[in-house]
Every structure is written in C-alpha cells, then in structure tokens.
2 protein chains.
Amino acid sequence: MAQSDTVDRILDAAEELFAERGFSETSLRMITSKAKVNLAAVNYHFGSKNALIHAVFARFLTPFSATLEKAFDELEESCGDQPPTLNQTLWALTESAIRMPQRNEKGISIFMRLLGLAYTQSQGHLRKFLEQEYGDPFSRFMRLLKAATPQLSAVDRYWRIQFMLGATAFTMSSSDALRDILQNKTGVETSVQEIAMRLVPFLAAGMQAEDTMLVPPRGSKISVA
Amino acid sequence: MAQSDTVDRILDAAEELFAERGFSETSLRMITSKAKVNLAAVNYHFGSKNALIHAVFARFLTPFSATLEKAFDELEESCGDQPPTLNQTLWALTESAIRMPQRNEKGISIFMRLLGLAYTQSQGHLRKFLEQEYGDPFSRFMRLLKAATPQLSAVDRYWRIQFMLGATAFTMSSSDALRDILQNKTGVETSVQEIAMRLVPFLAAGMQAEDTMLVPPRGSKISVA
DNA sequence: ATTCGCTTCAAACGTATGTTTAAAACAGAC
DNA sequence: GTCTGTTTTAAACATACGTTTGAAGCGAAT
C-alpha cells in the first residue's frame, strides 16, 4: 500500500496471494490484477513466476537471516564457553522473527504461512533455492539445538526437531478459515507475539520430555520393540 | 498392485501421486497414465477430479472413523465415569490409525501425508467434504481432549491443540526429500509405529507444560503483557 | 446370433496458464 | 525538440489442464 513502484506492488500482491492460496493455485493474472499492473510486468521484472516466488522469499529472508546470525553471535558470546540453553536458543530465533521490521500489521504471520507452505508444498525449485541461499543460518540453528540437548540420542533429537518444526510451521501456516474448525470463534488473541509466547514453552517441554518410549497404556495392542 | 479393477487402480495411483506432489500439482493425465487407464476413466467413474480426491480420502477415512469411534467407546466404557486421561486419548487415536488394515507397506504414511496436505493446502471443497463427512469423530476427539486437560484455560488449550495437530500433520506430511534437510541420512527408522512412539510423548509433554507464559530469558526485548 | 448395459477408447473441446512479442509511452540527457 | 534507454501495454502464442463426446469393445442374458 505504500510505494507505487511496480516491483514492490507485485511483491506485495504476490506475497499476500501466495500466503492465501498457495503457489500453484495463484496465477500471474491474479497477482498482476491485484497489484494493478500489466500482466507482462512480472516476466519483465522478475523473469518467471518461479523467480518471483524466490524474490518474495528473499525480500523477507535476507534481512531476517542477517538479524538471526547477529542474534546467535550475541547469544554465543554472552554464554562464554557454555553452549546456550534450549530456551535461549528458541527465544533468540523467536525474537529475531518478531523484531523484523514489518511492512504491514500482518507481515510476520503472512510470512510464517509462506514458510510453512514452502516446507509442505514440495516445490523442488523453492527448496533448492532456500537451501543454498539460507542453509547456513539453518545449519547453525541445528547445531545450537544439538548442543542444547546433549541428553537426547541423535535419532530422538532428529524426530523431536521435526515435531518442533511441524508445530511451528503448521500453526503459523494454518489459515484463519482452518482455525474455525476448532470452533473457537470467541475473538481469541492472534498476535504473533502472543502465539510465540505459548508456542515456545510447548516446544521446550516436548523437546525435553522424559521418556521417548512411554509405555502404551494397559490393553494396548502396540508392543514396544 | 493387487486387483486389476480400473477404479482401484485409479485410486491407488491417485493416492500415491497426491501424496507425492499435492493435489493441484497432480494432473489427471499423470494419474491415468500411472494407473495404465484411459484418461476419460476418471470422469466416467468418479465424475470429476474433486470427486476423485474425495474418494481417495473416503476409502481410508470411512473405515478409520468407524474404528476410531469404537476405540473411543471402549475407552470411555473402561473408564467408568472418570474421563480418559490425555495419554489414553492420544493412544486410542494412534492405535486406531496404526491398526488399520493397510493396502501396502507404506499405506499409513501415505495417508498421513494426505491428511497433512488436506489441512495445509487450503482446498475449499476438500475441507468442506471432510468436515461434514467426518466432523463427528473429530469433535468427539476434541471433547475428550478438553476433559483430559481441565487445568488448561480454553485459550491455552486451543493453541496447544493447534500445536499438536501441527506437529502431527506436518511430520506426517513432510516428504522424504525434506527430511534430508535435517542432514540425517543415516538410515533412520521410519515406520509409522516408531514415529508415533516418539510423537505421542512429545505431544503429551507439550500439552501439559507447566507455564504457558514462560518469562523470556534475560535481555529479551519481548515484554510480557 | 442378437441385444443390452456397462466400460473403454481416441479424439476433441473450451479454458486457463506462463511466457513472448512488438509497438507505444515515458523520462532524462543533450 | 530530439534522441536513448527503460518501462508499460495489448495482443498473441504455445501448452497443459479438466471435461465431454461418440463410437467401439465387451460380457452376459435372451
């Protein structure tokens, strides 16, 4: 809504539509008509639809990964030679996300949904792009998680990280419409801060759960191998 | 691979391709060529692509929801007037899923991924179909969860259920290719039982985490409202 | 042997998509 | 004012999609 530059108008419209409907389900004509821009403008300025998708991610992810690296730097420095705790690591990530300058009020939640879609919707080109462009901070986050949970076996940690990513990406990516399924329409708080406040303790607790092999309750047909 | 009936061959091929690539990204021509069936067969037997998607879900979900209702019946009966515990409820669901007769070795994991896609990929028609066809057992599961976590406020419970669904659906929906991002290529165990064994304790621990409003660590810029 | 209902088939239909083209419009420098 | 490089525009292009059509094939009952 701010600048009237074509490139930004396209990026804004694309970002919103992708988040609402997914990538394949959003056509260039929807984007250009929402952005009030000629259809050919996308191919002129970005080259292709896939390149536009990459640009949408890069616009957010490039400054974000810089912020994140800085946050990790500070965290590791302030911890001396001790590795940061799980809570510290999770909060470093969360705060970096929340503190990013937002283009509009729903900036972050839109982007969280995009990240979730990127992970779920198996667009080969997108995954390749994200991996080689932003793989470093991601690996670093994984390393921190590993150092913060030395009690976990590699396999346990692997799966629990998977669960964490799931809860996060999925929660952020679930549209308002889907939330109605839970029948909770009592004007529940939806600010990203508020969600993060609830999510991080949930993740930390799950990550540090005592027994990974809880014995199934009495009468269970599942046998523990 | 079993029967040579056209309808089943289409359902098998569709199930697998949908799980691999998503709904919009899978064309009828891919399905019919994988099923070695004429293109028009889909519209002849099912009416439309959307109806085929519904049929894929119904083939699994109808017997599953029957099994699940029975499991809930037994559970509630065995508990007398006490409400079933969180662990019992989660295991009842898990066991019902695992014990479903599988068409082939990867039957369940394929279907789990489909469920994840159904929730994530906001296909209006699918959500409407699932909601009105299988809304009852889902609501019942929600009611059990509520009774099993009386200590949680409605808002807390709402979000934590969201987190649980997320971890579950997302884990199930993440493709093998995506797992490589975690750099864990050491031939990790992937049977659904194995995953469930690890997931349920994670969920239970998160669901019962002590403080939903954990104070952000020292130096945090996030203020607790 | 013929008929009848169901199924398969190749071909086509109409539409929507991403992309390209070539001309027009525009802005700034000379 | 004219020229130059960039941007916008309307139109077309080629392709892929879901769906429809009408004829051919088939098996069982008559």
Side-chain angles (χ1 to χ4, degrees), chain A residues 2-59 114 117-118 121-129, chain B residues 2-59 114 117-118 121-129:
Chain A
Q3 33 225 333
S4 139
D5 186 31
T6 301
V7 169
D8 287 318
R9 288 236 302 285
I10 292 177
L11 284 173
D12 288 341
E15 185 176 278
E16 204 161 331
L17 285 173
F18 285 152
E20 271 176 23
R21 332 183 6 113
F23 304 109
S24 332
E25 293 84 355
T26 302
S27 71
L28 290 186
R29 284 168 175 81
M30 293 179 197
I31 294 171
T32 55
S33 98
K34 174 171 188 132
K36 295 202 172 75
V37 150
N38 186 275
L39 167 62
V42 168
N43 286 279
Y44 176 76
H45 287 287
F46 297 94
S48 69
K49 183 182 179 179
N50 280 353
L52 169 62
I53 297 179
H54 297 174
V56 167
F57 276 87
R59 181 166 67 150
L114 283 182
L117 286 182
Q121 207 152 324
S122 60
Q123 301 247 11
H125 69 96
L126 220 195
R127 200 169 61 244
K128 213 167 295 177
F129 169 78
Chain B
Q3 33 225 334
S4 138
D5 185 31
T6 301
V7 170
D8 286 318
R9 287 235 303 284
I10 293 177
L11 284 174
D12 288 340
E15 186 176 276
E16 204 160 330
L17 285 173
F18 285 152
E20 272 176 22
R21 330 184 7 113
F23 304 110
S24 331
E25 294 84 355
T26 303
S27 71
L28 290 186
R29 285 168 174 83
M30 294 179 196
I31 294 171
T32 54
S33 98
K34 173 171 188 131
K36 296 202 172 78
V37 151
N38 187 275
L39 167 63
V42 168
N43 286 279
Y44 175 77
H45 287 286
F46 297 93
S48 69
K49 182 182 179 181
N50 280 352
L52 169 61
I53 297 177
H54 297 175
V56 167
F57 277 86
R59 180 165 67 150
L114 283 182
L117 286 181
Q121 209 152 323
S122 58
Q123 300 247 9
H125 69 97
L126 220 193
R127 201 168 60 245
K128 212 168 295 177
F129 169 78

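Residue numbers begin at 1 in each chain, while the letters A, B, ... track the order of the sequences. Only a predicted model underlies this, so the values are computations on that prediction, with no experimental measurement involved.
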Spacing of [X] atom [atom1] relative to [N] atom [atom2], expressed in whole Å:
X	N	atom1	atom2	answer
B/Leu28	D/dC17	CG	C1'	8 Å
A/Phe46	C/dT19	CZ	C1'	16 Å
A/Ile31	C/dT17	CD1	C1'	12 Å
B/Lys36	C/dT8	NZ	C1'	17 Å
A/Asn43	D/dA12	CG	C1'	14 Å
A/Met30	C/dT17	CE	C1'	10 Å
A/Leu39	C/dT21	CG	P	15 Å
A/Arg21	C/dT17	CZ	C1'	13 Å

Shortest side-chain distance from [X], nucleotide among [options]:
X	options	answer
A/Tyr44	C/dT19, D/dT6, C/dC6	D/dT6
B/Asn38	D/dG18, C/dA10, C/dT21	C/dA10
B/Lys49	D/dG18, D/dT9, C/dT19	D/dG18
B/Ser27	D/dT7, D/dA12, D/dG18	D/dG18
B/Ala40	D/dT19, D/dA10, D/dT20	D/dT20

Under a 4.5 Å cut-off applied to non-hydrogen side-chain atoms, are [X] and [Y] in contact?
X	Y	result
B/Leu28	B/Asn43	yes
A/Ile10	A/Lys34	no
A/His125	A/Ile53	yes

### Query
Donor-acceptor pair, B/Arg21 side chain versus B/Thr26 backbone, under 3.5 Å?
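Such a contact is absent between B/Arg21 side chain and B/Thr26 backbone.
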So what does [X] touch, heavy atoms closer than 4.0 Å: a base, only the sugar-phosphate, or nothing?
X	answer
B/Ser24	nothing
B/Ala41	nothing
B/Thr26	sugar-phosphate

### Task
Give a yes/no answer on whether the side chain of A/Thr6 brings an N or O atom under 4.0 Å of OP1 or OP2 in D/dT8.
yes
### Query
Think B/His45 has a side-chain N or O under 4.0 angstrom from the OP1 or OP2 of C/dC6?
no
### Query
In Å and rounded to the nearest 0.5 Å, what is the CZ to NE2 distance from A/Arg9 to A/His45?
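With rounding to 0.5 Å, CZ (A/Arg9) is 10.5 Å from NE2 (A/His45).
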